[in-house]
K.L.:
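Take a look at the following structure, please.
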2 protein chains.
Amino acid sequence: MSAFSTAATGGRKKRGEGHTRREEILQAAKELFLEQGYDSTTIRKIADRVGVSAPALYLYFQDKEQMMLALCDQTFGYLIESIGEIEKNVSDLRERIRQFGEAYLRFGLKHPDEYRLIFLGSNVPESVRKIGHRMPTDDPTRPGVNGAIVFQRLVGVLVEAEAAGLKLNYPADTCAELCWMGMHGLASALILKPEFPWSNRDLLINGMLDMVLKGIIRDA
Amino acid sequence: MSAFSTAATGGRKKRGEGHTRREEILQAAKELFLEQGYDSTTIRKIADRVGVSAPALYLYFQDKEQMMLALCDQTFGYLIESIGEIEKNVSDLRERIRQFGEAYLRFGLKHPDEYRLIFLGSNVPESVRKIGHRMPTDDPTRPGVNGAIVFQRLVGVLVEAEAAGLKLNYPADTCAELCWMGMHGLASALILKPEFPWSNRDLLINGMLDMVLKGIIRDA
DNA sequence: ACAGATAACTTATCAACGTTAAGTTAACGG
DNA sequence: CCGTTAACTTAACGTTGATAAGTTATCTGT
């Protein structure tokens with residue numbers, strides 16, 4: 001009776017193998033979320049792609065939202081990684097700030113759907129929208145902290161820069177907020193309105209980075 | 001049988017008075033959208049508040065989305081008005097740009113829900129998300145152009161500023177985009193994440209305005 | 001080998017949603 | 001007072017996220 005869908009993964013799992021089903025569900029959900037967006041990705045579509053019934057998903061996730069949270073944490077892990085590499089490789093602090101911004105931007109443009117889901121809350125329940133700034137101190141085991149960690153790293157490098165003698169125009173946290181807001185403004189504009197006749201993308205990126213650095217760090 | 005809801009507005013309209021019903025629906029929809037957001041505002045809730053059945057709404061609007069579009073146009077009319085006043089009263093062009101930015105920001109913070117709906121597309125169908133940049137040239141009679149007009153005015157003042165001798169760091173349209181992106185980044189951050197421990201709001205606003213002007217206009 | 005126990009499912013169902021079809025009522029023009 | 005039709009209503013459809021309750025298959029202990 002049940003038509004086998006494209007990525008059905010065989011029959012019932014053996015005892016103790018439930019976690020593999022969980023990963024299959026996450027994989028299918030990720031594909032569908034990226035293909036069709038959050039709203040259009042229904043529980044039933046995910047279940048079909050995995051090859052199980054819809055209620056089976058509720059054995060592994062509390063609800064649709066928790067699937068999204070798990071996926072977002074995963075994707076944002078990649079951004080945290082690349083930020084870690086910049087911290088390791090770029091010693092000049094002004095340049096490090098700039099590369100943070102650029103990495104953030106490139107990440108957003110490379111993963112527009114995840115970016116939307118975390119930082120723009122497009123068609124996502126409020127609790128998902130909030131995970132972009134959920135603090136790790138809240139409860140480090142809860143999903144969704146990875147979005148916030150990115151911001152904390154930015155504050156970190158700014159504090160470090162100030163300690164190293166760079167003159168900031170505002171307190172470090174204010175500077176971090178302004179920096180993030182500038183980057184976020186650019187990212188969200190390009191992501192939300194791709195059909196707008198924006199001027200050259202690299203010109204905008206470099207312009208924004210210059211603008212932010214100039215606005216935050218007192219000129220040498 | 002039908003329980004009269006809070007704002008029920010009497011019985012059936014007389015012939016030719018349908019447009020007043022239309023306005024009642026818009027008013028109820030506006031209240032509910034602002035109280036509960038787009039998703040939570042159901043057709044049935046709107047109909048209840050007006051005091052009619054749910055399908056009656058479809059006599060006046062094609063669908064839920066068109067109600068939102070009509071409301072957004074209305075609200076953005078206010079911003080266009082205040083921008084018009086700035087154009088009339090502020091002759092210094094650098095100051096005019098700054099006040100444009102501030103007006104935009106204050107407007108966004110005063111009407112966070114409309115802002116979200118137009119510029120952030122939070123829980124709104126894509127066609128609603130797009131009206132923030134729908135060009136008036138597309139079809140001036142269609143609802144939703146008011147969001148775009150705001151941006152065009154910004155381009156206008158920048159072109160004017162350049163003609164008047166102010167030195168821009170980039171082409172005028174690029175400058176307008178960067179300016180808007182900065183303002184939008186700040187507005188959307190404050191609106192989407194109100195529970196984040198932002199530093200002082202006025203400090204952020206002035207900081208962003210300084211940052212943008214400094215980034216766009218070459219120093220005198 | 002066989003009897004629970006229980007992980008891993010399914011089928012049936014729910015209430016709520018946006019929307020449509022089709023019928024009803026009431027106001028006006030002649 | 002009759003017919004047209006604007007202004008509605010009731011009933012229903014197909015989908016959605018989610019739950020309840022039952023079923024099947026695998027493992028453990030004896």
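All chains are named by letter (A, B, ...) in the order of the sequence lines, taking the proteins before the strands, and each is independently numbered beginning at 1.
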K.L.:
Rounded to the nearest angstrom, tell me the gap between atom NZ in A:K13 and atom P in D:dA25.
P.N.:
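For the pair A:K13 NZ and D:dA25 P, the rounded distance is 16 Å.
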K.L.:
Which one, C:dA27, C:dG18, C:dT11, comes nearest to the side chain of B:Y58?
P.N.:
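Of all the options, the side chain of B:Y58 is nearest to C:dG18.
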K.L.:
Taking donor-acceptor contacts at under 3.5 Å, does the side chain of B:R15 reach the base of D:dA6?
P.N.:
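No.
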K.L.:
If I take atom CG in residue A:L59 and atom P in nucleotide C:dT11, what distance separates them, rounded to the nearest angstrom?
P.N.:
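Roughly 14 Å, once rounded to whole Å.
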K.L.:
In whole angstroms, how far is the C1' atom of D:dT9 from the OH atom of B:Y60?
P.N.:
13 Å
K.L.:
What nucleotide, of D:dT16, D:dT24, C:dA26, holds the atom closest to the side chain of A:R44?
P.N.:
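So the side chain of A:R44 is nearest to D:dT16.
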K.L.:
Report the distance from atom CD of A:E24 to atom C1' of C:dC9, rounded to the nearest whole Å.
P.N.:
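Going from CD in A:E24 over to C1' in C:dC9 covers 14 Å.
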K.L.:
In whole angstroms, how far is the P atom of D:dG17 from the CZ atom of A:F61?
P.N.:
15 Å
K.L.:
For B:S53, which contact category applies under a 4.0 Å heavy-atom criterion: base, sugar-phosphate, or nothing?
P.N.:
base
K.L.:
Just N and O in the side chain of B:K14: are any of them under 4.0 Å from OP1 or OP2 of C:dA27?
P.N.:
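No.
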K.L.:
What is the distance from NZ of A:K64 to P of D:dT16, rounded to the nearest Å?
P.N.:
9 Å
K.L.:
I'd like to know if A:E102 and A:R106 make a salt bridge, using a cut-off of under 4.0 Å between side-chain N and carboxylate O.
P.N.:
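Salt bridge: yes.
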K.L.:
Taking OP1 and OP2 of D:dC8, is either one under 4.0 Å from a side-chain nitrogen or oxygen of B:R21?
P.N.:
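So the side-chain polar atoms of B:R21 do come within 4.0 Å of the phosphate oxygens OP1 or OP2 of D:dC8, strictly under.
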K.L.:
Show me the side-chain donor-acceptor pairs of residues 172-187 of chain B shorter than 3.5 Å, one per line, residues at least two apart or across chains.
P.N.:
unit_1, atom_1, unit_2, atom_2, d
B:T174, OG1, A:S199, OG, 3.0
B:E177, OE1, A:S199, N, 3.0
B:E177, OE1, A:S199, OG, 2.6
B:E177, OE2, A:S199, N, 3.3
B:W180, NE1, B:Y104, OH, 2.8
B:H184, ND1, B:Y115, OH, 2.7
B:H184, NE2, A:S188, OG, 3.1

K.L.:
Where the side chain of A:P55 is concerned, which of D:dA18, D:dT19, C:dT19 is the nearest nucleotide?
P.N.:
D:dT19
K.L.:
Where is the tightest heavy-atom contact between B:L26 and B:M67, given as atom of each residue plus distance?
P.N.:
CD2-O, 3.8 Å
K.L.:
Atom CD1 of B:I43 to atom P of C:dT20: distance rounded to whole Å?
P.N.:
10 Å
K.L.:
Using a strict threshold of under 4.0 Å (side-chain N to carboxylate O), is an ion pair present between B:E31 and B:K45?
P.N.:
no
K.L.:
On the ring face of B:Y78, is B:K110 found with NZ or CZ under 6.0 Å from the centre and within 45° of the axis?
P.N.:
no
K.L.:
Going by modelled atom types, is there a donor-acceptor pair between the base of D:dA7 and the side chain of B:R12 at under 3.5 Å?
P.N.:
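Per atom types, the contact qualifies.
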K.L.:
NA contact type, B:T41, heavy-atom cut-off 4.0 Å: base, sugar-phosphate, or nothing?
P.N.:
sugar-phosphate
K.L.:
To the nearest Å, how far apart are B:E17 CD and D:dC8 C1'?
P.N.:
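In whole Å, D:dC8 C1' lies 15 Å from B:E17 CD.
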